[in-house]
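Step one of this worksheet: look at the structure below.
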Amino acid sequence: MSHRSERKPRSSTAAAAGMLVVLVSLAVFTTWSALTASAAVSGVAAANARTAIYERARFDVLEEESLERKYRLEPGPAVSEAHATVARQLKQSMNRLAATADAKDLAQLRGILELHKSYLADIHELFAAVDAGDSALALKIDDTRVDPVFSTLQADIFSGLDAQVAKTARAVSSLQRAESRLLATTPLTFIVVLFLLVKFLRVSRRYESTVSSRALRDSLTGLPNRECFYDRATLALADEPRRLATTSVLVIDLDRFKELNDTLGHRYGDRLLCLVGPRISPLLRPSDTIARLGGDEFALLLPDAGGSLAAQQVAERVVAALREPFNLEGLTYTIDASCGHASSPDDGANVDDLLQHADVAMYIAKAAHSGVVAYHPTLDINTPRRLAILNELPAAIAEGQLVLHYQPKTDIASGEVTGAEALVRWNHPVHGLVPPDEFIPAAEHSGLIKPLTSWVLNTALAECRRWMDTNGDPGRDDLTVAVNLSARSLLDDTFPAELLEALTRHGVAPGLLSLEVTETAIMSDPQRAHAVLKQLHDLGVELSIDDFGTGYSSLAYLRFLPVSELKIDKSFVKHMREDTNDGVIVRSVIDLAHNLGLKTVAEGIEDQATLVQLTDLGCDVAQGYHLAYPMPAEDLDLWLRTRTDRSFVATPVSTAS
Ligand code: C2E
Ligand code: MG
Ligand code: MG
């Protein structure tokens, strides 16, 4: 069973926000790097273009000087035109540079253009002097005006070129920086994106698992919810043939939980609900599941419990653990719990049936305040009335609303009454006399059968003692009393000691007590039942198999049990005369029982003819309405005293039930 803690959604949001910041920063940085690189490339291209123009201008200005010199030596229109072309080129170059120059360069370029203009004017005069053959004037113009202006012009163009070369070098180095940034950011971007991708995948996988675990978990306690329980139970049931196992379902409901919510508030109620899982978990196996079905209802799935008895033990441990005080934020609070359980295949082969039956049993447990109840089909019948009755049963036991009626058992051979069977009834203030069939089965599947059996045993032994003391003169110390035992008592190791204590307290010899147990009770857990029966036998009490023939045991098996009496079930006795099969069964049982050294009792004898037939078959003891109805203790006194007819003529008394 796993109680994996869930990551808070807040931390996922923070992680996502962090990732977003990193991604945006990276995107901004990369874009900036790319833009600066591209700007650097354009800068270098522009600088290169300007340098080329300057280079061209430097060449042109030198060419101008050379043509000027040539004209003085070889004047002619070809040279003057060539000079004019070069001068135009130079002017165009300066204009092109000026078109894209900054303010400082522009001023310099305008200065060059002005200088060039005055240089051309001087050249014009120089060429005219040459054309006129006035060499002295030409030399003078050259020396005084053309040469100085040309030197300045040349120096300005050269310095402009140098400055442009320096600018180009700067543009190239800024391009190199941008390139290195890009070179550095590209692998970094790749690594970061890869990292973020991995992180994103992990976060999204965790998110998916959180979402899916939320769908199968109860949000308050973190325990599996109803859907999850249903799925696991379905799987467990489907897997049963492979595991050769049975599946048990336990439904647990906290008692008076509403009271806690109402008095201390929902915060404390929620806290308690959260503590239920950790309290129960240590009692379970790893393969078991504890789920919260809703409200204060929990369910356990035991895929390998090993049947109803084992589930009962787990349920009892769980309920006992829940009764231990809870610490609710410093406040000690004690609560009760009711548990019902159902096991496959007897109580249902699918999840719906098991849950519903465990629920029915849980409600019976709640009504009876009995802690744990195992499901049994009889619990379903008249459930509302049974629930109401069970609700009142504990008080009925305590307040003395239960009564015992006694039905005589008569020795057929002698006609003597040898004892009486104690049969319980509930003298209900509203429903009147409620027969045992209406409350014994439910009590048997809840913890109530134990106090009920104790009460019956003590009352019957007290009555047996009274027969010894007052019935007749000096009293009947040979009358046995028979008490019916439930399957629970047969599986209760403490019962023999309790019985011995009761016998001693009432001063009744063990031989005067007969305990009636049914075959089905023994067969529910033959080994344990055998052990308890042996202890009871060793105490000296007589043991009798009740309702014989309705269960599945064989006479051969009974041979090994320390019993001395068989009570043939009334369903065979009633129809033994009309139904030949029943007649054969009764005859066979009597014969075989005698062969095994067992006494036979026929119950349910309703007429003389049946009694006669049983007498012929050699039956030992008779019991039935024909002889006497079960009756209150006082009526039995009267019946015993006034009974004169020993030929078994039915004489029901007025108060017979
Ligand atoms: P059981 O032990 O087999 O008791 C015999 C039942 O047959 C009694 O029903 C009795 O009233 C009824 N009976 C007796 N003679 C005749 C007859 O001639 N014809 C017919 N049709 N019925 C007859 P009752 O008292 O209703 O008890 C029913 C069952 O309840 C008992 O069957 C016994 O299994 C159980 N029971 C009664 N008292 C106790 C008790 O104190 N503890 C336990 N664990 N079970 C009890
Ligand atoms: Mg009986
Ligand atoms: Mg019986």
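In each ligand, atom 1 is the first atom listed, and ligand 1 is the first ligand listed. These numbers were taken from a predicted model, which means no experiment stands behind them.
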Counting from 1, what ligand 1 atoms have a heavy atom of G604 closer than 4.0 Å?
-> 16 (C), 17 (C), 18 (O), 19 (N)
Side chain to side chain, C464 and L479, heavy atoms closer than 4.5 Å = no
E603: numbered ligand 1 atoms lying under 4.0 Å from its heavy atoms = 3 (O)
Under the criterion side chain to side chain contact (heavy atoms under 4.5 Å, CB included), which of V589, D620, D546 is the partner of L566?
-> V589
The Mg ion (ligand 2) has as its nearest N, O or S atom from E421 the atom OE2
Neighbour count above 12 (heavy atom, 6.0 Å) for R587 CZ | no
If we only count N/O pairs under 3.5 Å, is V424 in contact with ligand 1?
-> yes
Atom indices of ligand 1 within 4.0 angstrom of K570 heavy atoms, with elements = 6 (C), 7 (O), 20 (C), 22 (N), 23 (C)
Can you tell me the protein heavy atom closest to atom 3 (O) of ligand 1 and the distance?
-> D547 OD1, 3.0 Å
Nearest neighbour in protein (non-hydrogen) for atom 19 (N) of ligand 1 | E606 OE2, 2.6 Å
Could you find the nearest protein heavy atom to atom 13 (N) of ligand 1 and give me its residue, atom name and distance?
-> Y625 CE2, 3.7 Å
heavy-atom search around atom 42 (N) of ligand 1 in the protein gives N484 O, 3.4 Å
Would you indicate whether H594, at its atom NE2, is surrounded by more than 12 heavy atoms from other residues, nucleotides or ligands within a distance under 6.0 Å?
-> yes
Which ligand 1 atoms are under 4.0 Å away from a heavy-atom of D546?
-> 1 (P), 2 (O), 3 (O)
Between Y375 and H357, how do the two ring planes meet: parallel, tilted or perpendicular, split at 30° and 60°?
-> parallel
Protein heavy atom at shortest distance from atom 4 (O) of ligand 1 = L423 CD2, 3.5 Å
Atom 32 (O) of ligand 1: any protein heavy atom closer than 4.0 Å = no
Using salt bridge (charged side-chain N to carboxylate O under 4.0 Å, His left out) as the criterion, point out the one residue from E542, E603, E516 that pairs with K409.
-> E516
Within reach of ligand 1, part of P436 (heavy-atom separation under 4.0 Å) = side chain
Is it true that a side-chain atom of R465 and a backbone atom of G507 form a donor plus acceptor pair closer than 3.5 Å?
-> yes
Quick one: do the E392 and H428 side chains pair a donor with an acceptor below 3.5 Å?
-> yes
Taking only heavy atoms of I605 into account, list the atoms of ligand 1 that are under 4.0 Å away from them.
-> 18 (O)
Salt bridge R466-D637, side-chain N to carboxylate O under 4.0 Å = yes
E240 versus T246, side-chain donor and acceptor atoms under 3.5 Å = no
In ligand 1, which numbered atoms sit nearer than 4.0 Å to a non-hydrogen atom of G624?
-> 15 (N), 18 (O)
Proximal atoms of ligand 1 relative to D437 (non-hydrogen, under 4.0 Å) | 28 (C), 29 (C), 30 (O)
Minimum side-chain heavy-atom gap C339-V251 below 4.5 Å = no
Within 4.0 Å of some non-hydrogen atom of Q407, the atoms of ligand 1 are 14 (C), 15 (N)
Side chain, backbone, both or neither: which part of V456 comes within less than 4.0 Å of ligand 1 when only heavy atoms are counted?
-> side chain
Is a side-chain donor-acceptor pair under 3.5 Å present for Q312 with H341?
-> yes
What do you reckon, are the aromatic ring centroids of W639 and Y406 less than 6.0 Å apart?
-> no
Near the Mg ion (ligand 3) (protein N/O/S, cut-off 2.8 Å, waters excluded) we have D546 OD1, D547 OD1, E603 OE1, E603 OE2
Please walk me through it: do D538 and K534 pass salt bridge (Lys or Arg N to Asp or Glu O under 4.0 Å)?
-> CA-CA 6 Å; D538 291 348; K534 168 109 183 30; 3.0 Å; yes
CG (L515) and CG (N484) are apart, to the nearest 0.5 Å, by 9.5 Å
Counting only non-hydrogen atoms of the protein, does one fall under 4.0 Å from atom 9 (O) of ligand 1?
-> no
Please confirm whether Q623 comes within less than 3.5 Å of ligand 1 when only nitrogen or oxygen atoms on both sides are compared.
-> no
Whether T504 side chain and L500 backbone form a donor-acceptor pair below 3.5 Å | yes
Work out whether the distance between some heavy atom of P630 and some atom of ligand 1 is less than 4.0 Å.
-> yes
Charged N to carboxylate O under 4.0 angstrom, K567 versus D547?
-> no
Has H626 got any heavy atom lying under 4.0 angstrom from an atom of ligand 1?
-> no
Consider ligand 1: state whether an atom of it lies below 4.0 angstrom from any non-hydrogen atom of R425.
-> yes
